[in-house]
Student: 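Supplied in structure tokens, the structure appears directly below.
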Amino acid sequence: MSNKKLLEEVKEIMRRRHYSIHTERSYCAWIKKFIIFHNMQSRADLANGEEKMTAFLTHLAKDLNVAPSTQNQAMNALVFLYKQVLKYSLDKKINAERAGRKVRIPVVLTREEVASMIGLISGVQQLVVKLLYGSGLRIIECLRMRAHDLDLSMKCLTIRDGKGQKDRVTTLPIKIIPQIKEQMERVRLLHLSDLANGYGEVYLPNALERKFPNAAKDWQWQYVFPATELSIDPRSGMKRRHHLDPSSVNHAIRVAARHAGIEKHVTAHTFRHSFATHLLQRGTDIRTIQSLLGHSSLETTMIYTHVIQQGAGGVESPLDNLNDIE
């Protein structure tokens, strides 16, 4: 039995297996909620894991009405705890009540709304939003992008370790290439300044720091959208320049939507939905869109066919076919 605190051991094993800091925080949060739910006082209280997991996951679905993805995330965290940390086999079946799956039509902006919002956002946040819409990126994929992920000559960019630890290549809008070049020049000068001040290292994924000790200072690994200030890395304790925080982009999007008078619930992900829907409206093959978005299942991408069937592209209302009754 380990003498370490449980969550410290969880973090240590997750870091050894190269889980992201976001997954680490999420798993630790779910494990802590699980422990509080069962009022556990010691590791001995973790016995009969299947029964305790069943009760907790059922509570999430029945009492808290969480989404299926939220319940799955909690289950993944607990399975990791028992199998990877406690070395418990989990032989019995986990018969938790499953969260009800809800099919939601994504919020999509019109082209006019996209143009209006982009015009109301300025600076680096505007460039990020242009990439969210122009390349179909998730916000964290955009902000984690490194200098070597951009291929301006081939007009494409590579997303590395995206959702599901998958790499993919997607399109790069030609019209923003000059803006990207300007951004890269600013980043290069900032990097040179950091190096001159004794900094300039960035976080490297998958233990690359140990394999290539000098790579962290190389230009190719620098973030395309670096933070404005240096900060302490929560894992290594080193002072580094991280990537731009998503909150600044999300704030700019909320303000722009309000000023544009758009009453839809607009988030950073709305631009990714709009990217897929507008490609589909232009006749792009659904499997091509699936590849650009990085969806594992075509069924996930097919949701956008429901979007374009709304309104004028779908069934005509019978009211519109009534004769003039006045």
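These figures come from a predicted structure and were not determined experimentally.
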Student: Is there any salt bridge (charged side-chain N to carboxylate O under 4.0 Å, His left out) pair reaching into residues 182-193, and which pairs are they, with sequence neighbours excluded?
Tutor: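 Pairs touching residues 182-193 that pass the test: Glu185-Arg188.
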Student: Taking 4.0 angstrom as the limit, do Glu141 and Arg168 come out as a salt bridge?
Tutor: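 Salt bridge: yes.
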Student: Determine the interplanar angle of the His273 and His269 rings, folded into 0 to 90°, and report it as parallel if under 30°, tilted if 30 to 60°, perpendicular if over 60°.
Tutor: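 It falls in the perpendicular class, over 60°.
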Student: Using a distance-only test with no angle check, is there a side-chain donor-acceptor pair under 3.5 angstrom linking Gln41 and Asn39?
Tutor: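 Present: a donor and an acceptor within the cut-off.
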Student: Looking at side-chain heavy atoms only, is the closest gap between Met14 and Thr23 below 4.5 Å?
Tutor: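 Result yes, sub-4.5 Å side-chain heavy-atom pair found.
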Student: Tell me, which pairs form a ring-ring contact (aromatic ring centres under 6.0 Å, His included) where one or both residues lie in residues 113-135, sequence neighbours left out?
Tutor: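 Found Tyr133-His278.
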Student: Going by the angle between their ring planes, with limits at 30° and 60°, are Phe34 and Tyr82 parallel, tilted or perpendicular?
Tutor: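 Aromatic pair Phe34/Tyr82 classed perpendicular.
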Student: Could you tell me the separation between the CG atom of Leu132 and the CZ atom of Phe271, rounded to the nearest 0.5 Å?
Tutor: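 Reported value, rounded in 0.5 Å steps: 7.0 Å.
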Student: Quick one, Ser89 with Lys83, criterion side chain to side chain donor-acceptor pair (under 3.5 Å). Give me CA distance, side-chain angles, the key distance, then yes/no.
Tutor: CA-CA 6 Å; Ser89 59; Lys83 287 191 171 183; over 6 Å; no
Student: Could you check whether Ser153 and Asp151, counting side-chain N and O atoms only, form a donor-acceptor pair closer than 3.5 Å?
Tutor: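 Yes, Ser153 and Asp151 have a side-chain donor paired with an acceptor closer than 3.5 Å.
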Student: Is the ring pair Phe80/Tyr19 parallel, tilted or perpendicular, if the boundaries are 30 and 60 degrees?
Tutor: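 Judged by the thresholds at 30° and 60°, the geometry between Phe80 and Tyr19 is perpendicular.
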Student: When you check the gap from the basic side-chain N to the acidic O, do Glu9 and Arg43 get nearer than 4.0 Å?
Tutor: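 Yes, this pair counts.
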Student: Tyr223 vs His243 aromatic rings, parallel, tilted or perpendicular, using cut-offs 30° and 60°?
Tutor: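 Taking His243 first and then Tyr223, their aromatic rings stand perpendicular (interplane angle over 60°).
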Student: Without hydrogens or angle criteria, can the side chains of Ser135 and Lys130 be said to hold a donor-acceptor pair below 3.5 Å?
Tutor: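 Short answer, no.
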Student: What residues, two or more places apart in sequence or in another chain, satisfy side-chain contact (heavy atoms from CB on, under 4.5 Å) together with Lys264?
Tutor: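 If we apply the side-chain contact (heavy atoms from CB on, under 4.5 Å) test to Lys264, skipping adjacent residues, the hits are Val107, Leu109, Thr110, Glu113, Ile262, Val266.
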Student: With distance as the sole test, does Arg241 use its side chain to make a donor-acceptor pair with the main-chain N or O of Ala227 at under 3.5 Å?
Tutor: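 Yes: the side chain of Arg241 pairs with the backbone of Ala227.
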Student: Does this structure show an ion pair linking Glu8 with Lys5, if we count only N-O contacts that are shorter than 4.0 Å?
Tutor: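 Not counted as a salt bridge, because no side-chain N and carboxylate O are separated by less than 4.0 Å.
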Student: May I ask you to check whether Tyr203 and His242 place their ring centers less than 6.0 Å from one another?
Tutor: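 Ring centres of His242 and Tyr203 not closer than 6.0 Å.
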